[in-house]
Student: 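Dropping a structure here in structure tokens format, bear with me for questions.
The figures here come from the full heavy-atom set of this structure, side chains too, leaving out hydrogens, waters and symmetry mates. The sequence lines fix the lettering, A, B, ..., with proteins before strands; numbering per chain opens at 1.
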There are 2 protein chains.
Amino acid sequence: MIRDHNPVLAPQRREIIRSFVQKEGVVRVEDLRKSLKVSVATIRRDLETLEGMGKLRRVHGGAVAVEKNRLEEAVFDDKTNRAESEKSRIAKMAYRLIDRNDSIYLDGGSTTLRLARLLRERTDLTLVTNSLRAAAELAESGPRILLIGGELRRISQTMVGPLTSAVLGQVRVDKAFMGTMGFCLENGLTTTDPNESYVKALVAEQAGRVILLADSGKAGKVSFARVSGWDKVDALISDDNLPGRFAKTLRKRGLKVRLA
Amino acid sequence: MIRDHNPVLAPQRREIIRSFVQKEGVVRVEDLRKSLKVSVATIRRDLETLEGMGKLRRVHGGAVAVEKNRLEEAVFDDKTNRAESEKSRIAKMAYRLIDRNDSIYLDGGSTTLRLARLLRERTDLTLVTNSLRAAAELAESGPRILLIGGELRRISQTMVGPLTSAVLGQVRVDKAFMGTMGFCLENGLTTTDPNESYVKALVAEQAGRVILLADSGKAGKVSFARVSGWDKVDALISDDNLPGRFAKTLRKRGLKVRLA
DNA sequence: TCGTTTTTGATCGCTTTTGAAAGAATTGCA
DNA sequence: TGCAATTCTTTCAAAAGCGATCAAAAACGA
């Protein structure tokens, strides 16, 4: 697993610990001491530091991974992302819905980020977003960007919280492209964090059309915070693995459903 | 790995270090000393320079590669080399003014960006900023971040425009660290863009203390858009090339002037 | 070539990191 | 519940690393 003869830099060592905990879920102080060949005092200090950064949680005897939804983790770990090609296809299909001079909203999430990457040449558009990553992708060139202010939620790299409404209340977009952690026929859209869902709901109010981008892996998943019911959503873009009943029922409810 | 018998030119040596860090992710001062056959003092200076350029990040005992997702610093890269070390020193001196649990504001600019890089471990702080770069630097870990929303001004990578006031009106910071394009005794602070100066002026109103970070090259320069007079500014941090009359006059007007 | 500027290396306090030790707290087990 | 074993926190001192300073060396320009 871990091996190193010459001393390891402290931040490097902490990174080893962090990624190990993330992967394995738990780790014991004693194991780390043996692997990293430093004293338990140092290990404890590292764990304390990492806990302070919110990277893990200390427990008696070691540390455990912080409880974050596994769905959400996948968002920013592009490598381990199975739905890679589905997401790209969904993003491309969404791109075709964008008209000239549209003002559009993108929220956080890997699918919408892929859509953002397709907008580098589109200087005709106005993009409103609460996603730091989307803004960073288009920082050099692309649409006019209005970034929603607010508190940065690190795990999703989006702006959330009460301050977001200050800006959101003042803009209106033609089309809002939204991601979600899960969706199901009964509960509509759900996501892990209430702050996040609050922003999404607010945007849905301001948007001419709300277009949900969600690969089939999200179908039937229910997360903690409810975003909205299907009545606010105008279209769903998913992939062809979406169980038939979803497409059927949603179309019956008046949504446009497209499968990439 | 790295070996060389005859002396290596400084830029060449730095390039070796840079590419090594990029490839390996981390490097120790001691290893570099042995490989490059120069003193640790020289290695440290190289690392300091490279850090100033944003090519790597120094840590105790060596340096590590910068995160992938940070924004490129193309705009600042080349021409400002002369002021590199001044800016770094100014940023460090500014850092010492930050107290525990402070809420601070950083605006755009290369000096404040350097200050931002020093805040990675400071989870006690609250950072308010309109700088996309500063936010991107601290996206992984660091202070609580409140990003000012608004329109992205590409050239400076900052948020400007009417929407900024929506958020700015609702926050108050203990200390605001501001950059400027130019300052002179008659006109005070000036910058190139009125949108930019509007935000700066707004922040100056909300801040407990306004601290100007400006290398001596800015002294006497006057730009298009007036930001504010000296009455709004509480302190100036510059470098020791600042002409004496600036320090003298400003101190007489009640400012704290520090030369890094 | 000479004088100036830049780079380099050595030294000295100072800070950070590390490991060990002692006492307090937690856990497992009877 | 009480005891033993383990783990944790606190404290302290040693070690490693650091920034600042200064003088020597090298590079540069006239």
Student: For A:Arg13, answer base if it contacts any base atom (sugar-phosphate contacts may also be present), sugar-phosphate if it contacts only those atoms, and nothing otherwise; contact means non-hydrogen atoms under 4.0 Å.
Tutor: sugar-phosphate
Student: Rounding to a whole Å, what distance do you find between B:Leu47:CG and C:dT8:P?
Tutor: 13 Å
Student: Rounding to an integer number of Å, can you tell me how far A:Gln12 CD sits from C:dT18 C1'?
Tutor: 17 Å
Student: Hey, what do you get for CG (B:Leu106) to NZ (B:Lys175), rounding to the nearest 0.5 Å?
Tutor: 12.5 Å
Student: Taking the side chain as every heavy atom from C-beta outward, state whether B:Ile98 and B:Leu119 have any atom pair closer than 4.5 Å.
Tutor: yes
Student: Hey, does A:Val38 reach any base, or is it just sugar-phosphate, or nothing, if we go heavy atoms under 4.0 Å?
Tutor: sugar-phosphate
Student: Do B:Arg172 and B:Tyr105 get their side chains close enough for a donor-acceptor pair, meaning under 3.5 Å?
Tutor: no
Student: Ignoring backbone atoms, establish whether A:Thr42 has a side-chain N or O less than 4.0 Å from OP1 or OP2 of C:dG19.
Tutor: yes
Student: Rounded to whole Å, how long is the line connecting atom CG of A:Leu9 with atom P of C:dT17?
Tutor: 11 Å
Student: Round to the nearest Å and state the distance from A:Ile43 atom CD1 to C:dT17 atom P.
Tutor: 15 Å
Student: Less than 3.5 Å apart, any donor N or O on the side chain of B:Glu196 or B:Thr158 sitting next to an acceptor on the other?
Tutor: yes
Student: Treating primed atoms plus P, OP1 and OP2 as sugar-phosphate and everything else as base, which nucleotides of nucleotides 12-28 of chain D get B, S or - for protein heavy atoms under 4.0 Å?
Tutor: -----SBS---------
Student: Any donor-acceptor pair under 3.5 Å linking the side-chain atoms of B:Thr191 with those of B:Lys200?
Tutor: no
Student: Just checking B:Arg253: does its CZ atom have more than 12 heavy atoms from other residues, nucleotides or ligands closer to it than 6.0 angstrom?
Tutor: yes
Student: Map A:Val40 and B:Asp46 onto DNA chain C by nearest heavy atom, then report which one ends up closer to the 5' terminus.
Tutor: B:Asp46
Student: Rounding to an integer number of Å, can you tell me how far A:Arg33 CZ sits from C:dT18 P?
Tutor: 16 Å
